[in-house]
Amino acid sequence: RREKTGGSMTTMMMVAASVLSILLAACLPAWSAEASRERVLVLLDDPTSARQSHASFLGQIESMGLDVTTASASDNSTSLRGVEEWLYDHLVVLGAESKFGEGVTAKQQLEFFESGRNLYLAINPSSIGNARALAGRLGADMEARSSLVRT
């Protein structure tokens, strides 16, 4: 049965964080096997509070020998690409409720992925259009924005 989401955002975020941890636990060992100070950009809606709420996740990435940079998803000073090269080897997008900044647009993230780099995109029902559009371009079939399946 479908119901409009009106429940606790905190509960949804806790569930999303748990799912994220499980999925990343499967993906990150492959990253660490290749890691020779590879660079990871983690885009967050609010880097200040997320450094606390995602401390274990960020610590796990750093413990694999990866250089981790956290930035606001909407920050216009953050960029994926330099003049002739990609600045990062991996991208984790946890900032799906913010509009992407000029240097990390959905188009640039898609180009990053298509260049053979790793992209992990975590979105939830409250994610805004550009994150949902990127997920669609990557082949994800999304539910309606404000719906949630409950059992």
Task: Flag, side chain of D89 to backbone of R39, donor-acceptor distance under 3.5 Å - done: yes
Open item on the list: I want to check something: taking the side chain as every heavy atom from C-beta on, are R81 and Q108 in contact at a cut-off of under 4.5 Å?
Closed with: no
Task: Contact summary for V40 and Y88, nearest pair of heavy atoms - done: C-CD2, 3.9 Å
- [ ] Output, in order, the C-alpha distance, side-chain angles, deciding distance and verdict of side-chain contact (heavy atoms from CB on, under 4.5 Å) for L121 and F113.
- [x] CA-CA 11 Å; L121 176 65; F113 176 74; over 6 Å; no
Open item on the list: Just verifying a value: how many Å separate K107 NZ and Q109 CD, rounded to the nearest 0.5 Å?
Closed with: 13.5 Å
Open item on the list: With rounding to the nearest 0.5 angstrom, report the CG to CZ distance, L41 to F112.
Closed with: 8.0 Å
TODO: Nearest 0.5 Å please: distance from the OG1 atom of T70 over to the CG atom of D75.
DONE: 11.0 Å
Task: Shortest non-hydrogen separation from L43 to S72 and the atoms involved - done: CD2-O, 4.1 Å
Task: Atom of A106, atom of F100 and distance for their closest heavy-atom approach - done: N-CD1, 3.9 Å
Task: Main-chain N/O of E102 paired with N76 side-chain donor or acceptor, under 3.5 Å - done: yes
- [ ] List in chain and number order the residues that pass salt bridge (charged side-chain N to carboxylate O under 4.0 Å, His left out) with R137, two or more places apart in sequence or in another chain; answer none if no residue qualifies.
- [x] none
Task: Closest non-hydrogen atom pair, F57 against V92 - done: CZ-CG1, 4.1 Å
Open item on the list: Could you measure the distance from the CG atom of L119 to the CG atom of L80? Nearest 0.5 Å is fine.
Closed with: 9.0 Å
Task: Exam field: side chain R117 to backbone L91, donor-acceptor pair closer than 3.5 Å - done: no
TODO: State which residues pass side chain to side chain donor-acceptor pair (under 3.5 Å) with T78; sequence neighbours excluded, sorted by chain then number.
DONE: none
